[in-house]
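Comments concern the structure below.
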Amino acid sequence: MGRFFSNIQIHNNRQENREQFKKSFCKSMEKKGYTASTEDDSSLTYVLAFSENNKWITLCSADYESGGEDVKKDVQFLAESLKTCCISTSVVDSDFAILEMYNAASTLTDMVAVGDGSGYGFDDDTEFKGRKEAWEPYLTSGSTWEQLSEIWNGDYVFTEEALSEMAPLIGMDSENIISDYDDISNRTDKNIMQLHFKKKGKKALSLNAAFIQVFGEALEPLGFKKI
């Protein structure tokens, strides 16, 4: 059985270091009504994986489903609020992937289907093959549009193979681009960062508080009291 997942690739156009990018990301979240919090009182958590060259940052959330609304909203919002290019990657059963590129105006710049999408309505060979003018500005030195296009149109058992091969051509990390929330959360290397948020002015109910509230009320009639 194949994998279903989505993530977002954020172009670090200002070449910010980890702490600088963290501040920029948190400022963007404030526009959505969220403020930084601890893990215990958070209502929303993201994990970020920085590429070694610091050109791209992979963003994952436990709420991201393959092609789901959460990832679609976030990729557009972050492209506009961070004033950069953001690309959502949605893998469907490891058969094919959809790449959606958004610019700083939150406009869909390009959409690419990678792999065999014939069973999902992407069976037109002329559609969703990528536009050279959209991707060429992000190609690394020595990489060509022809190489990128050839990978997208190649035959692969799993579409993740194609994604891993295309990543270095535009400066992305081959492992990060095929990672979901669980994958990155389980890593502890220096390139991983976890950020927690809660709604402004609203204290999220922690697991401990929820346990006390639910089980405490049920146990009080039996003579038990929290100490």
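Note that the numbering runs from 1 along the sequence shown for the chain.
- Across every non-hydrogen atom of Q20 and Q15, the tightest pair is OE1-O, 4.4 Å.
- Annotation: the span from N7 atom CG to L48 atom CG amounts to 11.5 Å, rounded to 0.5 Å.
- Here SG of C86 is found 9.5 Å from CG of D74. Values are rounded to the nearest 0.5 Å.
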- Query: Passes side-chain hydrogen bond (donor to acceptor under 3.5 Å, both in side chains), T45 versus Q194? Steps please.
  - Reply: CA-CA 7 Å; T45 297; Q194 193 168 82; 6.0 Å; no

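- Scanning all heavy atoms of the two residues, the minimum distance from G2 to D93 falls at N-OD1, 3.1 Å.
- In this structure a side-chain-to-backbone donor-acceptor pair under 3.5 Å is missing from E80 to Q76.
- A pairwise comparison of heavy atoms in S51 and G171 identifies OG-O, 4.1 Å as the closest pair.
- By the rule that hydrophobic residues join a cluster once side-chain heavy atoms approach within less than 4.5 Å of another member, L148 and V112 end up as members of one cluster.
- Placement of Y156 and L99 within a single hydrophobic cluster is found when ILVMFWY residues are connected by side-chain heavy-atom separations under 4.5 Å, directly or transitively.
- If you take OG1 on T109 and CD on E133, they are separated by 10.0 Å, rounding to the nearest 0.5 Å.
- Nearest heavy atom pair, residue R131 against residue D110, reads N-OD2, 2.8 Å.
- The aromatic rings of W145 and W152 stand perpendicular to each other, their planes meeting at an angle above 60°, with 30° marking the opposite boundary.
- The hydrophobic cluster containing F25 does not contain W56, counting ILVMFWY residues as joined when their side-chain heavy atoms lie under 4.5 angstrom apart, directly or transitively.
- Checked for salt-bridge contact, R3 and D183 meet the test: a charged N lies under 4.0 Å from a carboxylate O.
- In terms of modelled atom types and a separation under 3.5 Å, the side chain of T35 and the main chain of K200 share no donor-acceptor contact.
- Both cation-pi conditions hold for K199 and Y34: the charged atom is under 6.0 angstrom from the six-membered ring centre and inside a 45 degree cone around its axis.
- In terms of modelled atom types and a separation under 3.5 Å, the side chain of S81 and the main chain of F77 share a donor-acceptor contact.
- Closest of all the heavy-atom pairs between P168 and S164 is CD-O, 3.2 Å.
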Given the rule in the side chain to side chain contact (heavy atoms under 4.5 Å, CB included) test, do D173 and T58 qualify, once you have shown the distances and angles that lead to the verdict? CA-CA 9 Å; D173 184 278; T58 301; 5.8 Å; no

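- Taking all atoms of both residues into account, the shortest heavy-atom contact from S42 to K198 is CA-CB, 4.5 Å.
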**Request:** Walk me through it: do F128 and F96 pass the test side chain to side chain contact (heavy atoms under 4.5 Å, CB included)?
**Result:** CA-CA 12 Å; F128 310 115; F96 85 111; over 6 Å; no

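- A donor atom on one side chain and an acceptor atom on the other are not found under 3.5 Å apart for D40 and T38.
- To the nearest 0.5 Å, atoms CZ (R187) and CG (N176) are separated by 5.0 Å.
- Side-chain contact annotation: S90 with S6, donor-acceptor N/O pair under 3.5 Å present.
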